[in-house]
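Lettering of chains follows the sequences in order, A, B, ..., and the numbering in each one begins at 1.
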Protein chains: 2
Amino acid sequence: MNLSGRLLDAFLALVEAGRFSVAAERCHVSSSAFSQMISRLEESVGAKLFDRNTRNVSLTPEGEAFLVGARRIVAEMEASMRHLSERAALRLGRVSVAGPPSLAADWLPARLAEYRRCFPDVLVRLHDVVSNQCLEMISSGEVDFGLNAQRGNALEYETELLFNERMFLVCRHDDPLAGRKRVRLADLKKRSFIHTVRSGSVWQQLAGMLAPIGVADSGLEVSQFGTLAGLIAHGFGISVVPEYSVQLCKRPELRAMPLADAQATRPIYMVRRSRRSLSVAAQTLWDRLLESRAVSAGA
Amino acid sequence: MNLSGRLLDAFLALVEAGRFSVAAERCHVSSSAFSQMISRLEESVGAKLFDRNTRNVSLTPEGEAFLVGARRIVAEMEASMRHLSERAALRLGRVSVAGPPSLAADWLPARLAEYRRCFPDVLVRLHDVVSNQCLEMISSGEVDFGLNAQRGNALEYETELLFNERMFLVCRHDDPLAGRKRVRLADLKKRSFIHTVRSGSVWQQLAGMLAPIGVADSGLEVSQFGTLAGLIAHGFGISVVPEYSVQLCKRPELRAMPLADAQATRPIYMVRRSRRSLSVAAQTLWDRLLESRAVSAGA
DNA sequence: GTTCTTTACGACCAACGTAAGCATT
DNA sequence: AATGCTTACGTTGGTCGTAAAGAAC
């Protein structure tokens, strides 16, 4: 059995037209070819489908029986093709992205909103997760891609640097450092330091930078930037947060200042599974985010 | 778009096998040809369906989307093919036959029962109707074919003589004719005659035979043979019925005798629409009935 | 005679297989 | 080096169109 869409179209055309010549024209083939197509179809289904007497063409009982199935088959074919082309045209689809809480608060939503304006029929999901979880979700396919400060295993993940995010000191307004024009990592020496959780990328980033300087460990470790802000406001110490997290720490009694050191940045990568295609919807979003690289936060 | 069953089979095989070489073997083609088939499919659906990296083959998001549709399409194809072949194998189907009440009582049921024994999954319907109605049902396609004493319009109907049915005199046991060895049409002269309804073929047949002889019209005209028997039993007159109707007139006080005249027969034809195929089930029954022609009631 | 389908036949394109190529492990 | 998908290329078979034949009215 080898039913082709072409043959089924011919079959339905002949049923509807009732004449070979008309149906042939509708299928854009010569009536000779059309006649052969019907013959082939009859041979491949193993039954005479039409009674034809030069003047009249009508379905045999077997043809009637086949008609229902043929209609269903071409309907399914058309539906499948339509579905695919609507996906391709971004009139259908779904994109899931994972990103760190800092970017998930403002930077990403702004760009996702713009994407949704362009392709309102594409479902967009955003997961705010810590770094390790982000890689897992990418690996498992739970999200199409993610934004992350770690690039993960080079064999498993494919990455593009999106931008380097500057790190900011956050302290009370009455902190000695609050009045300074320039703050450097070295200025944090011996200061009581509040960490974010170890699984997040911020901790992992800071650990390397602060170790040679020698800060005093406050013993506090929080996961939410809001909590961090509260602790700082109540005098438990100071902290360093990435640029896009500063917004989440805003309090009247706090101040945030960029660290002047060149190394006081963390990279944000776009990360996806290697050797795996993205859906059209996801690839489009990926490309748009990459484009925004140039115009977004610097150095 | 030109999806062929072959290409869809290849697609599903590759999804299941996960490797080109294995899937190719399962489809009985070289891996080269198989690779080309997948390429053609991807081109015709307008989307990359697989991510392939020499070692691993996996569906793209678009491939996943297409998979559901592809499964449905091949399932419908297989169902259609199976349906047709089951019809062809007479493991499925329906035959409707029309026949005169006389044959519908015994002769036809006997043969239909035998047919059902051979093909228990084929639905058999029998309509007992008068002659004109029989032709109408054939013409409209309400029945596949019919048994009838009239052949109908030669352009519209195709007929085969099934047999010639002898006509029987039915009278009371104390009727003068009841004791006779041989009864002839001429013996019915001036006898009170009970007719069957004019739309039936019996009336149409008898009218021609009785006119030259001159019977006395009883004024009675019945449609059921049971009624006819009752009237004769109560002395309203005599009648002539076809051989296979005699059974329906049986009463202790009645006698039935074949008419000796050669012309005292009526033909029974098998009638079908001309230029129209019968379903496999109907054609098979048609052939079987024709075969039984030789062994059934004679000239 | 006219109209419409089918058959005949030559041309062409598409699909297959063999074998070489290329990438990944 | 070995495995496995892809590309190259020659061959074959299937499909199409032109033209003639055949059937129905």
Side-chain angles (χ1 to χ4, degrees), chain A residues 1-45 48-60 63 153-158 273-277, chain B residues 1-45 48-60 63 153-158 273-277:
Chain A
M1 78 103 156
N2 185 18
L3 300 178
S4 73
R6 196 168 170 63
L7 254 44
L8 291 173
D9 281 342
F11 173 75
L12 293 184
L14 183 53
V15 170
E16 281 160 34
R19 270 187 284 174
F20 273 72
S21 49
V22 177
E25 196 171 1
R26 192 183 301 177
C27 291
H28 311 292
V29 293
S30 70
S31 32
S32 156
F34 190 85
S35 175
Q36 295 174 46
M37 286 167 74
I38 296 297
S39 298
R40 277 204 307 280
L41 179 64
E42 288 181 324
E43 190 182 3
S44 83
V45 302
K48 188 153 159 280
L49 298 174
F50 292 96
D51 282 316
R52 31 216 204 264
N53 316 281
T54 312
R55 291 288 169 185
N56 291 311
V57 177
S58 60
L59 283 168
T60 62
N153 178 347
L155 269 89
E156 191 172 359
Y157 302 100
E158 203 177 299
R273 269 193 292 188
S274 57
R275 297 179 301 269
R276 285 279 209 162
S277 297
Chain B
M1 79 99 156
N2 185 18
L3 302 178
S4 73
R6 196 167 171 64
L7 255 44
L8 291 173
D9 282 341
F11 174 75
L12 293 185
L14 183 52
V15 170
E16 281 160 34
R19 271 188 284 173
F20 273 70
S21 48
V22 177
E25 195 171 0
R26 192 184 301 178
C27 291
H28 311 293
V29 292
S30 70
S31 36
S32 156
F34 190 85
S35 176
Q36 295 175 45
M37 285 168 74
I38 296 297
S39 298
R40 276 205 307 280
L41 179 64
E42 288 182 324
E43 190 183 3
S44 84
V45 304
K48 188 153 159 280
L49 298 174
F50 293 97
D51 281 318
R52 30 213 203 267
N53 317 283
T54 311
R55 289 290 169 187
N56 291 309
V57 177
S58 60
L59 283 168
T60 61
N153 178 348
L155 270 90
E156 191 172 358
Y157 302 100
E158 203 176 298
R273 270 194 290 188
S274 57
R275 297 179 300 270
R276 284 278 209 163
S277 298

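- Between Arg275(A) and Val29(B), the residue whose closest nucleotide on DNA chain C is further toward the 5' end is Val29(B).
- Mapping Gln36(A) and Asn53(A) onto DNA chain C by nearest heavy atom places Asn53(A) at the nucleotide closer to the 5' end.
- Nucleotide dC16(C) holds its C1' atom 10 Å from the CE atom of Met37(B), rounded to whole Å.
- The base of dT18(D) sits within donor-acceptor range of the side chain of Ser32(A), with an N or O pair under 3.5 Å.
- Contact check, Arg6(B) against dA14(C): no side-chain N or O comes under 4.0 Å of OP1 or OP2.
- Nearest heavy atom pair, residue Val57(A) against residue Arg19(A), reads CG2-CA, 4.4 Å.
- Around CD of Glu43(A), the count of heavy atoms belonging to other residues, nucleotides or ligands within 6.0 Å does not exceed 12.
- Regarding contacts with the backbone of dC4(C), every side-chain N or O of Arg52(A) stays at 4.0 angstrom or more from both OP1 and OP2.
- Contact annotation: Arg19(B) reaches the phosphate of dG4(D) (side-chain N/O to OP1 or OP2, under 4.0 Å).
- Atom C1' of nucleotide dT15(D) and atom CD1 of Ile38(A) are separated by 14 Å, given to the nearest angstrom.
- What separates CZ of Phe20(A) from P of dA24(D) is a distance of 14 Å, to the nearest Å.
- Distance Asn2(A) CG to dG14(D) P: 12 Å, rounded to the nearest Å.
- The nearest whole Å value for the distance from the CG atom in Asp51(B) to the C1' atom in dT6(D) is 16 Å.
- Side-chain atoms of Ser58(A) and Asp51(A) include no donor-acceptor pair closer than 3.5 Å.
- When rounded to the nearest whole Å, the span between CG of Leu41(A) and P of dT6(C) equals 13 Å.
- Ring orientation note: the planes of Phe20(A) and Phe50(A) are nearly perpendicular, at an angle over 60° on the 30°/60° scale.
- Heavy atoms of Ser21(A) sit under 4.0 angstrom from primed sugar atoms or phosphate atoms, though from no base atom.
- The base of dT6(D) has none of its N or O atoms less than 3.5 Å from a complementary donor or acceptor on the side chain of Thr54(B).
- Straight-line distance from the CG atom of Asn56(B) to the C1' atom of dT24(C): 10 Å, rounded to whole Å.
- Between Ser35(A) and dT5(C) there is no side-chain N or O to OP1 or OP2 distance below 4.0 Å.
- Side-chain N/O atoms of Arg40(B) include one lying less than 4.0 angstrom from OP1 or OP2 on dC16(C).
- Residue contacts for Arg55(B): at a heavy-atom cut-off of 4.0 Å it reaches a base atom on one of the strands shown.
- Other residues, nucleotides and ligands contribute only 12 or fewer heavy atoms inside 6.0 Å of the CD atom of Glu25(A).
- Each of Phe34(A) and Gly18(B) was matched to the nucleotide of DNA chain D holding its nearest heavy atom; the match closer to the 5' end belongs to Gly18(B).
- Here the C1' atom of nucleotide dT6(D) and the CG atom of Leu14(B) are 14 Å apart, to the nearest Å.
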